[in-house]
Amino acid sequence: MIEAAEKHMHQNEDLTSGYTTADGRRIGDVMMDLKSITLRFGGVVAIQDISFDIRQGEIRAIIGPNGAGKSSMLNVISGFYVPQEGEVWFRGKKRPSLKPYQVAQQGIARTFQNIALFEGMTVLDNVMTGRLNFMKSGWLAQTIWLGKASREETANRQKVEEIIDFLEIQSIRKTPVGRLPYGLKKRVELARALAAEPELLLLDEPMAGMNVEEKEDMSRFILDVNDEFGTTIALIEHDMGVVMDLSDRVVVMDYGKKIGDGTPDEVRNNEQVIAAYLGVPNE
Amino acid sequence: MPETKSAVSLPALLARNVKRHGSSVAYREKEFGIWQSWTWSEAADEINAMAKGLINLGAKTGDCIAIAGRNRPALYWISIAAQKAGCIPVPLYQDASAEEMAYALGHCGARYVVAGDQEQVDKVAEVTGELPGLEHVIYFDGRGLRKYDHAQMTALAELQKAGRESDVDDELARREAELTADSTCVILYTSGTTSRPKGVVLSNRNVIETAKNSCEFDKLTQKEEVLAYLPMAWVGDYIFSIGQALWAGFCVNCPESQDTMQADLREIGPTYYFAPPQVFERQLTSVMIRMEDASKFKKRMFDHFMKVAKRVGPTMLDGGSVSFMDKLSYRLGKLMVYEPLKDTLGLRRIRVGYTAGEAIGPELFEFYRSLGINLKQLYGQTEATVFITQQPDGSVRPDTVGVPSPGVELKIDDSGEVFYRSPGVFVEYFKNPESTASTKAQDGWVATGDAGFIEEKTGQLRIIDRIKDVGKMADGALFAPKYVENKLKFFPDILEAVVFGAERDRCCAFINIDLTSVGNWAERNNIAYASYQELSQHPQVLDIIDGHVSEVNASIADDEMLAGCQIHRFLVLHKELDADDGEMTRTRKVRRGVIAEKFNELVTALYDDSPSIYTETEVTYEDGRKGKITATLEIRDAKVISAKAKAA
């Protein structure tokens with residue numbers, strides 16, 4: 001534990017003004033800093049004294065066995081859960097507790113582990129809901145559909161169409177979401193999150209339940225989003241192969257504690273991580 | 001005649017169109033959910049910038065420029081721009097594997113590749129090492145390419161920008177002036193059913209003469225709308241979307257993506273349309289499946305009026321006379337069923353529709369014709385710049401391929417092989433004088449490699465099979481596998497069939513089920529299955545296929561010449577035949593030799609009377625990885641009608 005912490009500190013020293021990834025991307029300053037976060041539900045400690053940061057432009061993975069507290073961590077990052085102890089610093093400011101709409105306004109969007117789309121609405125309408133924060137005209141203007149309301153819709157639709165094009169879901173634009181297979185629903189959810197033009201995108205198990213081909217597609221899209229829009233991405237994922245390929249840095253959690261943090265290679269060779277995933281031999 | 005003088009090359013035709021209909025729409029593409037359009041003037045401006053960009057980049061006269069990507073206006077433009085800059089465009093199949101691409105690139109010695117998107121760029125990057133002649137990649141859609149090394153890569157937009165800023169107008173004008181009717185217009189690589197692909201060189205004369213003749217044959221005008229969705233490397237698309245479009249000046253519409261083709265087809269409503277039989281078949285299957293789920297009233301109405309259509313539709317389309325009552329019912333049917341259905345299919349405005357490539361099932365063909373769609377057949381080849389024969393309006397039949405196209409001479413030699421001579425006859429196979437010599441005679445006659453005969457009554461050509469596939473069975477009877485396979489494939493449940501029997505005492509067959517059709521049947525009958533493989537071996541599925549095979553046998557038995565081709569034993573394959581595994585060509589023709597070799601043990605089992613066989617097969621996934629599937633296949637005996645039994 002101490003070793004890991006030391007390593008982490010050592011790393012942070014190296015990283016004070018960002019770093020360059022193996023594939024030549026420049027990772028910037030700290031965007032979000034989580035300091036000694038502890039989250040309890042009654043007597044259950046979901047997260048215990050965890051600190052790590054997310055930097056501008058990087059793909060940051062959070063991994064760990066079932067029940068490690070990954071999703072809770074993501075909810076803390078998004079501002080949905082307020083930790084009992086610790087501080088969340090976002091873009092150089094300490095973040096107070098937020099209402100849901102304020103969460104969206106701060107430039108953080110997310111997808112869910114269990115798809116949360118409007119099943120009866122078309123793909124297009126679902127993605128449009130992601131633009132809600134960009135619609136400023138009042139309900140009256142929208143009802144009579146004049147001037148600003150109409151212009152606004154056109155502008156937002158254009159942005160949405162760009163995302164539809166980007167994620168290659170043109171052929172299902174007008175299809176009700178309820179009729180789509182699982183893999184496509186996941187993609188629509190990503191589209192909706194992107195429609196909010198987030199600076200930080202949180203993906204909760206984007207590849208759960210997918211087959212190999214769908215996983216490859218989704219990985220490609222995640223990399224492309226990061227590359228094309230410069231979006232910072234924090235993701236939770238179980239498929240180790242995917243995590244190791246995609247992410248720049250990985251946080252490993254187990255029973256609510258952080259047991260590793262570093263590049264995929266560092267994490268792979270971390271003994272505690274190996275123990276958590278594979279178990280330790282009885283001596 | 002200034003008209004003919006000015007039109008010796010495609011760039012000259014383009015200039016003519018700008019003058020004639022500069023402000024009418026020449027290209028459309030659906031992007032971001034909206035149809036974006038370019039007029040002839042705008043397109044010419046883009047093409048001009050591309051041509052200047054190519055010269056600016058260092059392209060020399062005679063350089064090959066490969067083009068790989070889906071149908072997009074920009075890729076059509078670059079192939080005209082290439083010629084403008086004195087270069088030769090070489091369109092490649094976008095779904096070709098990296099090795100297949102490497103072969104064509106290496107063979108033509110392309111200096112530049114224009115890649116549609118990242119996928120194509122990646123394929124080129126994979127084989128760059130083997131291609132010392134390849135200098136630069138120009139890409140259109142830059143998504144995902146930001147991190148790539150751009151030392152030898154340029155975005156098409158950048159190329160155009162540099163072209164616009166450059167000072168090469170004089171050079172461009174000089175090169176364009178050098179173009180003649182004999183300059184190479186394009187090199188198209190044939191898909192190669194049997195051997196390595198060959199690069200067919202077509203001159204401006206080939207393309208322009210053919211476009212002119214075929215436009216006149218079907219009275220195509222500037223008002224036509226076409227949907228460009230077939231592979232750009234295929235000669236048909238080159239003639240329809242570039243040759244004829246430039247000649248007649250009509251608008252080429254590019255779909256938003258491959259998956260949206262059906263929706264885009266409906267939005268555009270083309271007036272001139274080409275599709276291989278598979279596309280029509282897929283459409284019909286989907287209509288039938290949807291009708292199964294329709295309400296009882298709708299279904300009865302559909303069935304009733306389709307019966308009327310089947311009875312009188314084709315006659316009416318051919319201008320024949322029918323009774324007044326029939327005319328009335330057909331009118332009513334038009335209102336209630338045919339027009340709405342055609343609208344849904346996107347075929348409502350079709351004036352001229354063609355199908356070719358494979359034989360089309362008579363039922364399928366009649367279905368579309370009975371709706372009042374003027375669907376016709378043509379017979380053609382890359383070497384002929386498509387057109388050899390085509391059916392004129394008014395005398396269309398499912399089993400012939402039409403009369404010789406304007407300017408085409410036809411002859412049949414003693415072995416039954418079809419030969420032709422026309423203005424569209426290709427110049428040569430690129431860097432392959434031996435093949436050129438063996439295909440094209442000194443006096444211009446070209447062997448098609450197909451066996452056929454001209455029907456005395458109608459003067460229309462009928463194709464039997466590939467001449468090399470028409471063989472003899474052990475007892476000397478005629479063996480025409482494709483004829484039998486086509487009959488099998490006319491059943492919606494059967495996707496592909498491969499018949500064996502050359503030099504053997506009887507015929508046996510491999511069959512591929514159609515997952516859409518059989519899957520739907522399984523769903524309606526509550527038959528559970530986990531995979532294609534499992535469904536294909538389901539006893540009830542085998543029963544159905546058995547029934548189809550018996551029906552085919554019964555119909556073949558009627559034909560004295562081919563009665564020996566009845567299928568004695570068959571098996572249903574556990575995997576779909578696939579171009580990725582080399583079992584089919586990219587244009588979905590079966591590679592008989594490859595299949596016989598690969599499934600050697602299955603063929604043996606067909607002939608040694610074993611009731612089933614265990615097999616392991618290697619498959620290649622779309623991303624190039626390989627896997628293995630194992631299965632135990634049941635072999636069935638089919639009902640064969642012997643000549644004696646018939647006589648009795």
Side-chain angles (χ1 to χ4, degrees), chain A residues 20-27 57 59 122-125 127-128 153-175 179-181 184 187 191 194-195 211-231 241 248, chain B residues 29-36 69-72 94 116-122 125 139-151 155 229 254-267 282 286 290 293 344 346 519 530-532 580 619-627:
Chain A
T20 308
T21 61
D23 56 3
R25 274 159 45 244
R26 184 71 202 155
I27 301 298
I59 300 179
T122 63
V123 168
L124 180 64
D125 289 339
V127 182
M128 279 299 265
E153 169 111 3
T154 310
N156 283 314
R157 172 76 187 268
Q158 185 171 351
K159 184 72 203 167
V160 165
E161 284 293 344
E162 280 165 25
I163 291 160
I164 286 176
D165 182 68
F166 188 84
L167 295 178
E168 294 166 15
I169 47 177
Q170 302 100 326
S171 60
I172 53 165
R173 187 187 280 128
K174 301 269 170 75
T175 313
R179 277 173 40 194
L180 296 176
L184 277 178
R187 213 189 284 181
L194 284 179
N211 65 29
V212 177
E213 208 169 307
E214 288 170 332
K215 276 183 187 172
E216 280 178 358
D217 282 348
M218 187 53 103
S219 304
R220 188 80 259 155
F221 286 127
I222 291 173
L223 288 171
D224 282 350
V225 165
N226 177 255
D227 184 38
E228 201 75 11
F229 305 129
T231 313
D248 301 314
Chain B
E29 183 184 26
K30 197 168 181 187
E31 265 282 89
F32 306 123
I34 293 173
W35 286 97
Q36 323 274 345
R70 69 179 169 88
N71 313 63
R72 309 193 73 154
Q94 59 160 334
D117 55 13
Q118 187 187 16
E119 187 190 340
Q120 306 298 337
V121 172
D122 284 349
Y139 61 85
F140 179 67
D141 183 352
R143 184 207 311 175
L145 294 173
R146 198 186 302 263
K147 283 178 284 183
Y148 285 49
D149 177 12
H150 273 59
Y229 70 101
C254 297
E256 189 168 21
S257 75
Q258 244 169 357
D259 305 328
T260 60
M261 181 262 170
Q262 195 54 48
D264 297 336
L265 180 71
R266 193 175 170 202
E267 285 175 11
R282 218 164 33 225
S286 87
R290 280 168 69 181
D293 299 334
T344 309
S531 64
Y532 179 87
D580 285 338
V619 291
T620 314
Y621 297 110
E622 248 174 52
D623 58 3
R625 280 175 309 139
K626 295 200 189 285

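Within every chain, numbering begins at 1; the chains are lettered A, B, ... in the order of the sequence lines, protein sequences first and strands thereafter.
- For the set A:Lys174, A:Glu213, A:Glu168, A:Arg157, the count of heavy-atom pairs under 4.5 angstrom toward chain B peaks at A:Glu168.
- Within the 4.5 angstrom heavy-atom criterion, atoms from both the backbone and the side chain of A:Asp165 approach chain B.
- For the residue pair B:Arg146 and A:Glu228, the shortest heavy atom distance occurs at NH2-O, 3.3 Å.
- Shortest non-hydrogen contact noted between A:Glu161 and B:Gly33 is OE1-N, 3.5 Å.
- For a residue to count as touching a neighbouring chain, one of its non-hydrogen atoms must lie under 4.5 Å from one of that chain's; by this rule B:Glu31 touches chain A with the side chain only.
- For A:Gln158, no part lies near chain B; criterion is any non-hydrogen pair under 4.5 Å.
- One distance of note links OG1 of B:Thr260 with CD1 of A:Ile169; it measures 13.0 Å at 0.5 Å rounding.
- Closest non-hydrogen pair, A:Arg173 versus B:Phe32, comes out as NH2-C, 4.2 Å.
- Ranking B:Gly144, B:Gly142, B:Pro255 against chain A, the residue ahead of the rest is B:Gly144, based on heavy-atom pairs under 4.5 Å.
- If you tally non-hydrogen atom pairs under 4.5 Å between each of B:Lys30, B:Arg143, B:Gln118 and chain A, the highest count goes to B:Arg143.
- Interface residue A:Val212: only side-chain heavy atoms are found under 4.5 Å from chain B.
- Counting heavy atoms of neighbouring residues, nucleotides and ligands inside a 6.0 Å radius, atom CD of B:Gln36 exceeds 12 of them.
- Using a 4.5 Å cut-off between heavy atoms, B:Gln262 does not touch chain A at all.
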